[in-house]
Amino acid sequence: MQKPTEKIWDYERQRRNRKLERAASALGASLRDKVVPADMAVQLLEAVIAPGDRVCLEGDNQKQADFLAKSLTQIDPAKVNRLHMLQSVLALPEHLDLYELGIAELLDFSFSGPQAARLARMVGKGQIRIGAIHTYLELFSRYFVDLTPHVALVVAQSADAQGNLYTGPNTEDTPAIVEATAFKNGIVIAQVNELVDKVPRVDIPGDWVNFVIPSPRPHFIEPLFTRDPAQISEIQVLMAMMAIKGIYAEYGVQRLNHGIGFDTAAIELLLPTYAASLGLKGKICSHWALNPHPTMIPAIEAGFVKSIHSFGSELGMENYIAARPDVFFNGPDGTMRSNRAYSQAAGHYACDLFIGSTLQIDMAGNSSTATLDRISGFGGAPNMGADAAGRRHASPAWLKAGEQRRSQQPGIPRGRKLVVQMVETFREHMQPAFVAELDAWKLAEFASMPIPPVMIYGEDVTHILTEEGIANLLLCANAEEREQAIRGVAGYTEMGLGRDLRMVENLRDRGVIKRAEDMGIDKRDATRDLLAARSIKDLVRASGGLYQPPARFRNW
Amino acid sequence: MEWKSVVEKIFPDGHEVEQTGNLIRGYGRCGPHTAAVIGTTDHTDVGVELALAMAAAVINVIRDHPARPIVFLVDTSGQRLRHRDELLGLNGYMAHLAKCVEMARRRGHPIISLVYEQALSGGFLANGMMADVCAALPEAEIRVMGLAAMARVTRIGEERLTELSKSSPVFAPGAKNYLLMGGLDALWEGDLSLCLSAVLKNIDNTDHRRSLGYERGGRMLAYPVVQRVLASA
Amino acid sequence: MSNPKQARSSYYESSARARIAGLLEPDSFHEWLPAAERVTSPHLATLEQPAAFDDGVIIGRGRIAGKNIFIAAQEGGFMGGAVGEVHGAKLAGVLERAVRDHPAAVLLLLETGGVRLQEANAGLIAVSEVMRAILAARAAGVTVIVAIGGQYGCFGGMGIAARCASAIIMSEEGRLGLSGPEVIETARGVEEYDSRDRALVWRTVGGKHRYLLGECDVIVPDSIAAFRQAVTACIDNGDDWSLAALEREHQMLAERVQRFGACKDGRDIWRELGWADPDAIAMLDNDEFVAAAHGHRAKNI
Amino acid sequence: MTIENLKYRFDNGTTTRGVTAIVGVLGSGNLEVLVEPAALGGACEIEVKTAANGFGAIWHAVMKDFFARHRVGDIRVSVNDAGATPAIVSLRLDQAIETYLAQGRTKK
């Protein structure tokens with residue numbers, strides 16, 4: 001009998017330990033405990049990142065590990081190359097510079113907002129290879145399956161010498177990234193705004209973190225969820241009235257998530273005024289998976305809101321959040337901890353309604369924000385804007401939606417999440433929101449994607465809300481009715497003008513399509529006077545001075 | 001042209017004009033008249049200090065030399081584009097200067113201005129354009145904005161603007177255009193002292209620019225519009 | 001039009017026509033060269049640009065607190081309230097008519113970026129004519145009152161014209177200056193003036209700073225009713241067009257350069273004026289602010 | 001930029017007393033609407049000047065619906081448009097006609 005070759009079971013741990021030894025010798029005396037001076041960041045990265053490694057660079061929806069991103073672009077591509085980058089959000093130019101510099105070659109990501117146009121150009125030129133475009137939850141999930149990072153470059157507010165991290169209210173993706181990396185033989189490096197003797201609270205335990213770098217300047221953070229009420233139009237007020245009376249009140253929606261546009265900001269600002277006047281306080285909108293939108297302040301102050309769990313925080317809202325611990329998830333230190341992974345899960349499984357905007361909707365109700373010259377990804381909308389087939393607990397809104405569905409398609413009793421697409425029929429510059437074919441198809445062809453990048457599938461959408469009315473797709477018997485229901489609220493777009501007038505009137509008689517007047521809404525009441533706040537300053541006042549908006553949102 | 005040669009040509013009978021920084025001030029004699037001279041030079045921009053200094057000069061003339069004509073010599077690249085000057089309220093300083101000029105006019109000082117080099121938008125409003133008679137040397141440059149910048153801001157093609165500027169004096173730079181629009185009374189050529197004495201003989205303190213623009217065919221609407229306002233119920 | 005909503009309607013958000021309707025006594029407004037007469041700009045038509053029926057300014061006569069006044073209101077929504085040939089002539093016409101008719105006051109609701117570039121020469125001359133007409137009206141004993149509280153502020157030559165008036169009423173949201181922040185940023189760079197830093201912009205040209213500096217006479221909350229009240233008070237105060245008043249202004253402006261000439265930011269000026277916590281000023285309500293500003297303004301007239 | 005000029009006429013409207021009304025502002029994404037009385041034998045004439053070209057079919061549909069909603073005749077409607085969406089156009093048209101009629105009712 002031949003003696004079996006001895007199987008090595010800790011190859012990856014050994015590999016990590018060798019990297020840590022390389023780092024120790026490269027850093028020498030400049031390494032104190034876990035603290036690495038900023039001017040040694042590039043040496044550290046060259047020591048711990050090997051060619052072909054999977055590197056998760058923390059680029060979140062809001063906060064950015066910008067110093068580490070910059071440092072990564074400065075490493076020698078002769079030493080470190082072919083990196084496989086994992087990022088929930090591509091926000092900074094450096095994120096794409098890596099591919100031009102020959103440091104990275106493959107990308108798996110979720111959202112690329114500000115870099116979408118450049119990403120499309122680089123894909124077109126073959127400078128970058130995209131593994132897949134994910135939703136947030138999907139990408140985080142793969143960190144624990146087949147895309148586990150070898151190295152994670154993360155960002156926090158402060159750290160102590162032992163590597164304990166305090167993220168501040170913008171915890172965002174950090175816990176998901178660090179957990180996947182630290183427990184699978186990876187290396188975790190954090191840039192921090194300050195070193196402290198004792199962190200206010202431990203968001204990430206020090207023994208999961210290998211290195212801490214005090215960055216030369218505080219990390220970049222984007223106030224992505226601030227909508228100036230001054231920019232809300234009377235059409236958006238009208239649509240918000242229809243959402244509240246025609247959907248929220250109709251189903252008794254208590255648990256929900258809102259998108260980030262002005263359409264949904266209008267709903268938030270109508271809660272303490274219009275919704276209250278309909279006697280809906282306490283009956284709708286009490287529990288939220290939502291970032292701390294400043295436009296939520298009047299509703300919170302009016303007592304509409306019982307709780308809000310957040311994906312991230314919002315610049316300027318810190319003091320307000322800290323002063324409202326009954327509403328927000330604040331730690332023992334008094335400040336909020338957000339968590340994108342948990343909040344996405346909450347939005348998917350524990351909410352009865354998602355409402356958000358999009359750029360294009362086709363006649364099957366599929367919607368997408370993709371355009372030919374931009375590869376922007378999806379972020380979290382598909383997780384919120386999808387029926388949670390795995391859900392089992394019941395709620396009145398969920399049950400009612402399920403019942404309506406079964407009125408057309410009999411089946412075993414189950415509920416249904418409300419997924420509402422809220423769009424004006426034309427965007428700026430007369431771009432129609434309703435189209436025969438989504439631009440996503442052309443983009444898929446151009447970028448050789450296996451499937452067109454659809455944000456929310458038609459089968460998941462329950463309602464489409466435009467200034468012309470609400471189409472309830474749950475009540476449509478077949479594809480033909482669905483199409484006419486959509487055309488019936490598509491206004492003067494080509495799709496809307498192409499409606500079958502008789503069928504649309506019939507759908508209206510059946511309550512599948514509802515106009516403002518069918519809901520008892522007088523369009524003349526749709527004025528900005530209904531908004532609980534008409535300016536950022538009104539929001540500050542409503543917060544009792546606790547909300548401190550960033551300078552760019554002020555006009556005083 | 002250098003301000004010194006301008007002054008010498010306007011005041012062949014003697015003058016005492018000095019430059020301090022970019023401010024010119026003093027007086028000159030032209031035939032029987034002694035005129036105060038206030039002006040700027042070196043294409044300077046006009047910030048709060050310069051506007052205030054010009055206003056002080058006007059107030060001094062009002063106080064010390066009743067009814068003495070005031071000649072503004074204009075050479076400016078416009079208002080000073082600084083955060084600090086805006087912080088201090090540059091518009092208020094400019095308006096103050098304009099008010100001083102108006103006060104002088106109301107107290108019997110004839111006001112004449114001569115653009116001898118260049119006059120740009122805001123720097124021109126508070127003195128040169130406040131005059132009873134506004135003149136320019138033929139080579140002087142007068143404008144709000146160059147065509148290239150105008151094309152950028154208005155998003156109208158520069159070629160189109162250039163083409164239109166051949167037939168319309170309404171937007172393009174140039175002293176001739178201002179003459180047609182009534183913004184300038186005359187271009188001063190030849191003997192500048194004769195030009196000044198001729199003006200001083202006939203000067204009055206009403207604003208003639210609208211009717212001039214109408215007569216010269218450069219600004220055909222302003223005059224009838226005002227007439228209609230005056231005639232409305 | 002005794003709409004109860006009007007009492008709390010925002011001046012900032014209202015159109016020029018809504019401001020006139022809200023300020024004047026009901027049904028007292030009589031418009032001159034109204035929209036139906038279509039006195040539009042031919043220069044815009046030449047450039048294939050849309051031309052408004054009233055060229056962006058509404059003029060006429062009406063009553064406020066029982067007094068007959070003339071009024072002009074610029075519409076910021078149309079080309080940023082920019083002054084063209086017709087627009088400028090309408091403004092000048094109101095003022096020149098005031099010299100003839102002696103109303104109790106001329107009220108100018110200004111909202112403008114200055115000269116309309118599409119008709120730049122006509123606009124610049126028109127602004128100059130407006131300046132002279134304002135001063136001619138004052139010299140004739142007519143009080144000219146300027147109100148500034150719209151989204152586009154009051155800039156360019158009209159910023160100078162505004163300061164030629166007898167009195168200026170602003171709201172905190174209003175802005176008054178010569179060169180707009182974007183113009184300075186373009187010319188001198190973002191380090192000189194970051195036009196996107198709106199708090200900085202308001203510390204430079206906003207209503208509260210202008211009030212503390214003595215560049216405006218009255219500051220009011222952002223409501224049409226508050227503006228109406230202030231206009232009435234300004235009419236009652238009348239005007240002082242005299243050499244003595246001018247010399248006092250000269251003194252004030254000279255002191256301002258001396259005292260604040262080295263200041264880099266509105267906050268430095270406010271500190272110099274004796275405000276212990278300049279950063280708190282932005283959030284003070286109008287009444288609190290006006291009370292606190294007593295004795296901490298650089299105004300001596 | 002060019003300005004497109006569109007004209008529509010709808011017959012058999014109801015003659016209703018009104019007073020010239022103007023609503024809206026000619027600003028980006030917005031429009032101004034002027035409604036005037038005119039002896040047109042019961043017709044409603046509409047003239048649109050718009051900076052956004054190529055939307056004639058949409059304008060026609062919007063105006064047809066507008067006339068169907070109100071059926072007001074003997075009026076001239078003049079529109080200056082700076083790229084407003086049909087929703088805004090319909091809203092302003094309704095506001096203009098309501099103001100026109102309301103003023104007509106209060107006029108002695």
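Keep in mind that what you see is a predicted model, and the values were worked out from it rather than measured. Hydrogens, waters and symmetry mates are skipped; everything else that's a heavy atom, side chains included, is used. The chains referred to below are lettered A, B, ... by the order of the sequence lines, with proteins before strands, and numbering in each begins at 1.
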Item to check | Interface moiety of B/S167 toward chain C, non-hydrogen atoms closer than 4.5 Å | outcome: neither
Checklist entry - Does any non-hydrogen side-chain atom of C/E37 lie less than 4.5 Å from one of B/R228? => result yes
Checklist entry - Quick one: what part of C/T46 sits under 4.5 Å from any heavy atom of chain B, side chain, backbone, both or neither? => result both
Next on the checklist: To the nearest 0.5 Å, what is the distance between CD on C/Q118 and CG on B/L164?
Outcome noted: 11.5 Å
Item to check | Parallel, tilted or perpendicular: rings of C/H250 and B/H96 (30°, 60°) | outcome: tilted
Item to check | Interchain contact, C/A254 with chain B, by part (heavy-atom threshold 4.5 Å) | outcome: both
Checklist entry - When you measure from the side chain of C/E85 to the backbone N and O of B/L221, does any donor-acceptor pair fall under 3.5 Å? => result yes
Next on the checklist: Between B/R82 (side chain only) and C/Y193 (backbone N and O only), is there a donor and an acceptor less than 3.5 Å apart?
Outcome noted: no
Item to check | Minimum heavy-atom distance between B/Q79 and C/S179, given as atom pair plus value | outcome: NE2-OG, 3.1 Å
Checklist entry - What part of C/D101 gets closer than 4.5 Å to chain B, counting heavy atoms only: side chain, backbone, both or neither? => result neither
Checklist entry - Short question: side chain of C/R163, backbone of B/M94 - any donor-acceptor pair under 3.5 Å? => result no
Checklist outcome for this item: So, the part of C/R203 with a heavy atom under 4.5 Å from chain B: the answer is backbone
Checklist entry - Should B/R160 and C/E48 count as an ion pair when the cut-off is N to O under 4.0 Å? => result no
Checklist entry - Under a 4.0 Å N-O cut-off, is there an ion pair linking C/E249 with B/K99? => result yes
Item to check | Part of C/L243 within contact of chain B (heavy atom distance under 4.5 Å) | outcome: both
Checklist entry - So which part of C/H209 gets closer than 4.5 Å to some heavy atom of chain B, the side chain, the backbone, both or neither? => result side chain
Item to check | Proximal component of C/I134, with respect to chain B [non-hydrogen, under 4.5 Å] | outcome: neither
Next on the checklist: If I measure from the heavy atoms of chain B, does C/I59 come under 4.5 Å with its side chain, its backbone, both, or neither?
Outcome noted: side chain
Checklist entry - Heavy-atom distance under 4.5 Å to chain B: side chain of C/A262, backbone, both or neither? => result neither
Checklist entry - Of the listed residues (B/M103, B/M150, B/M181), which shares the most heavy-atom pairs with chain C below a 4.5 Å separation? => result B/M103
Next on the checklist: For the interface with chain B, which of C/R132, C/E129, C/E119 has the highest count of heavy-atom pairs at distances below 4.5 Å?
Outcome noted: C/R132
Next on the checklist: If I measure from the heavy atoms of chain B, does C/V257 come under 4.5 Å with its side chain, its backbone, both, or neither?
Outcome noted: both
Item to check | Contact leader toward chain B among C/A120, C/G123, C/A187, where contacts are heavy-atom pairs under 4.5 Å | outcome: C/A120
Item to check | Atom pair CZ/OG of C/R61 and B/S232 - distance to nearest 0.5 Å | outcome: 9.0 Å
Checklist entry - Between C/N121 (side chain) and B/R143 (backbone), is there a donor-acceptor pair under 3.5 Å? => result no
Item to check | Exam field: side chain B/E86 to backbone C/G180, donor-acceptor pair closer than 3.5 Å | outcome: no
Item to check | Residue B/L97 versus chain C: region with a heavy atom under 4.5 Å | outcome: neither
Checklist entry - Is chain B contacted by the side chain of C/E96, its backbone, both, or neither, given a heavy-atom distance below 4.5 Å? => result both
Item to check | Heavy-atom proximity to chain B below 4.5 Å, by part of C/V86 | outcome: both
Item to check | Option in C/G157, C/A162, C/G261, C/G88 with maximal non-hydrogen atom pairs under 4.5 Å from chain B | outcome: C/G261
Next on the checklist: Quick test of your reading of the model: are B/D85 and C/R188 salt-bridged, counting only N-O distances below 4.0 Å?
Outcome noted: no
Checklist entry - Do you know which two heavy atoms are closest between C/R210 and B/L88, and how far apart they sit? => result NH1-C, 4.3 Å
